[in-house]
Asks: 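I have a structure here, written as structure tokens, and I will follow up with some questions on it.
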Amino acid sequence: MPWFDLSERELALYRTDTAEPDNLDLWWKTRLEDARAAALPPVLTPYAADAYGPLAVWDVEFSGYGGDRIRGWYIRPAGAGVESLPTVVCYIGYGGGRGLPSEHALLPSVGYAVFVMDTRGQGGRWTLGATPDSGFAGPEYPGVMTRGIAAPETYYVTRLMVDAARAVEVAASLDGVDETRIAVSGGSQGGGLALAAAALNGEAVKVCHADVPFLCDFQRAVTITDSEPYAEIAKFLAQHVDLIPAALDTLRYVDGALLAKRITATSLLSVGLMDEVCPPSTVYAAYNEITAPKEMAVFPFSGHTTPRVHDERKLRHLRAHL
């Protein structure tokens, strides 16, 4: 795919023209308070010691949006004992779930604890999931991006972002986690959730890694790419024309480009200039709103992926800032 979006010079200056809802902070405060009020204590169950040996792994269940029980993994480096460690809360790309602990072994191998959040209602497209979404009745395009889109209170992404924020709070409460050194990390949908979690948890998050993030600058994204998942929204609204105003209003409440200005974490984002799934301008829409220390890794010939060498840049970034 050739370059199709704005030039690099234009990207550096691009700002979303989507207006922020007047009550956005209060609206999110209410969502999070409701989730905390409905929460039960997390449950950690030792997992597959016969497979992982000295690598300490727990199957986690914690309360997310509305008290819904969300699955996850908590993984600690071999031999770490009860030492308080810097911890990375990890989020998963679209269609995937928490997978297996073996898929998350890199960070524990270099000294970090990891808390992996499963993705409600997903898992199975490319890795395993274990968490159902709470019931919703209404029309939707296949996928989850239009589920409940008629109002921000019923929208699927609202539930997902509350889960992501709660994952940080739960991780910080666990034995062996240094609550002053928490990072969030993910790619694509996981990158969008990392941005949201950093925004919603404020100074509780010290480092944010968001690779080719999804869930940013929705109202531009749905008009300049026909790749899914953004295309789910466009195709749905092509039929449900009566829902267009309400749907576009809903998307403002969960737009990473609008939430990003609340991020206080030291941030590292990445962008592929040939990315049709999450167009470069939508990534820069979030990046350009972040006022905290930040870096952008730019990959001119990459699509919706990052080269493996970027993993080492992220490790160095964690060493420097966490």
Side-chain angles (χ1 to χ4, degrees), residues 1-6 10-11 14-21 24 92-96 119-122 124-126 133 136-161 186-193 195-196 210-260 271-289 302-305:
M1 176 66 193
W3 295 342
F4 69 98
D5 205 342
L6 303 176
E10 291 170 316
L11 290 170
Y14 174 71
R15 307 295 282 267
T16 182
D17 60 5
T18 299
E20 180 178 303
L24 187 60
I92 309 301
Y94 192 73
T119 311
R120 62 166 62 227
Q122 297 185 42
R125 180 176 294 185
W126 56 274
D133 188 20
F136 171 76
E140 60 186 61
Y141 187 87
V144 294
M145 291 309 301
T146 62
R147 184 174 295 171
I149 201 171
E153 293 79 11
T154 60
Y155 190 34
Y156 171 82
V157 177
T158 298
R159 297 193 290 281
L160 195 57
M161 287 184 171
S188 190
Q189 175 182 257
L193 292 177
L195 292 173
D211 287 329
V212 294
F214 180 43
L215 309 176
C216 298
D217 205 8
F218 279 98
Q219 296 191 27
R220 176 173 173 82
V222 298
T223 64
I224 68 168
T225 181
D226 60 1
S227 294
E228 295 189 350
Y230 284 121
E232 292 180 23
I233 298 170
K235 291 175 181 177
F236 177 82
L237 295 178
Q239 298 298 323
H240 291 275
V241 295
D242 56 322
L243 288 179
I244 291 174
L248 295 181
D249 182 61
T250 290
L251 294 173
R252 295 190 303 150
Y253 286 81
V254 297
D255 193 326
L258 300 180
L259 292 171
V271 63
L273 297 187
M274 294 184 174
D275 190 347
E276 293 180 279
V277 177
C278 294
S281 58
T282 68
V283 176
Y284 272 92
Y287 181 78
N288 289 337
E289 295 296 333
S302 293
H304 194 56
T305 186

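No hydrogens, no waters, no symmetry mates; every other heavy atom, side chains included, goes into these values. Computed from a predicted model, the values in this text were never measured in an experiment.
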Asks: Report the distance from atom OH of Tyr287 to atom CG of Leu195, rounding to the nearest 0.5 Å.
Replies: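 Spacing of OH (Tyr287) from CG (Leu195) equals 12.0 Å.
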Asks: Hey, could you give me the OG1/CG distance between Thr119 and Asp133, rounded to the nearest 0.5 Å?
Replies: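 Reported to 0.5 Å precision, the distance equals 11.0 Å.
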Asks: Which pair of heavy atoms, one from Val254 and one from Tyr155, lies closest together, and at what distance?
Replies: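 Val254 and Tyr155 have their closest heavy atoms at CG2-CE2, 3.8 Å.
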Asks: Given Lys235 and Ile233, is the side-chain contact (heavy atoms from CB on, under 4.5 Å) satisfied, shown in steps?
Replies: CA-CA 6 Å; Lys235 291 175 181 177; Ile233 298 170; over 6 Å; no
Asks: If we ignore hydrogens and angles and just use 3.5 Å, is the side chain of Tyr156 paired with the main-chain N or O of Arg120 as donor and acceptor?
Replies: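 Indeed, once roles are kept as given, a pair shorter than 3.5 Å links the two residues.
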Asks: Which atom names give the shortest non-hydrogen contact between Leu248 and Gln219, and what distance separates them?
Replies: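 Where Leu248 meets Gln219 most closely, the heavy atoms are O-NE2, 3.0 Å.
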Asks: Only counting residues at least two apart or in another chain, list the ones meeting side-chain hydrogen bond (donor to acceptor under 3.5 Å, both in side chains) with Arg125.
Replies: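 Counting only residues at least two positions away or on another chain, Arg125 forms no side-chain hydrogen bond (donor to acceptor under 3.5 Å, both in side chains).
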Asks: Write down the atom of Ala286, the atom of Gly256, and the distance for their closest heavy-atom approach.
Replies: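 Reported closest heavy-atom pair: CB-O, 4.1 Å.
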Asks: Angle class for the Phe236/His240 ring planes (parallel below 30°, perpendicular above 60°, tilted otherwise)?
Replies: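 Aromatic pair Phe236/His240 classed parallel.
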Asks: How long is the span from the CG atom in Leu160 to the CD1 atom in Ile92, to the nearest 0.5 Å?
Replies: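 One gets 11.0 Å once the value is rounded to the nearest 0.5 Å.
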Asks: So, using side-chain contact (heavy atoms from CB on, under 4.5 Å) as the criterion, who are the partners of Ile224 when residues are at least two apart?
Replies: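 By the side-chain contact (heavy atoms from CB on, under 4.5 Å) rule, Ile224 matches Asp5, Arg220, Pro279, Ser281.
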Asks: Specify the closest pair of heavy atoms between Ala221 and Cys216, including all atoms of both residues, with the distance to one decimal.
Replies: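 Where Ala221 meets Cys216 most closely, the heavy atoms are CB-O, 4.4 Å.
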Asks: How close do Val144 and Tyr94 get, heavy atom to heavy atom, and via which atoms?
Replies: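 Here Val144 and Tyr94 meet closest at N-OH, 3.0 Å.
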Asks: Look at the side chain of Asn288 and the backbone N and O of Leu11, then say whether any donor-acceptor pair between them is shorter than 3.5 Å.
Replies: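 Here the side-chain-to-backbone pair exists.
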Asks: For Glu20, is there any backbone N or O sitting under 3.5 Å from a side-chain donor or acceptor partner on Tyr253?
Replies: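 Here the side-chain-to-backbone pair does not exist.
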Asks: Would the distance check show the side chain of Arg147 and the main-chain N or O of Val157 forming a donor-acceptor pair, the cut-off being under 3.5 Å?
Replies: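 Not at all, since once roles are kept as given, no pair shorter than 3.5 Å links the two residues.
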Asks: What closest approach, in Å, do Asp275 and Val277 show between heavy atoms, and which atom pair accounts for it?
Replies: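 The pair with the smallest heavy-atom distance is OD1-N, 2.8 Å.
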Asks: Answer yes when Arg252 and Asp249 have at least one side-chain N-carboxylate O distance shorter than 4.0 Å, and no when they do not.
Replies: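 Answer for the salt bridge query: yes.
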Asks: Within a strict 4.5 Å, meaning less than it, do heavy atoms of the Tyr284 and Val271 side chains meet?
Replies: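 The answer is yes, as the side chains (C-beta and beyond) meet within the 4.5 Å cut-off.
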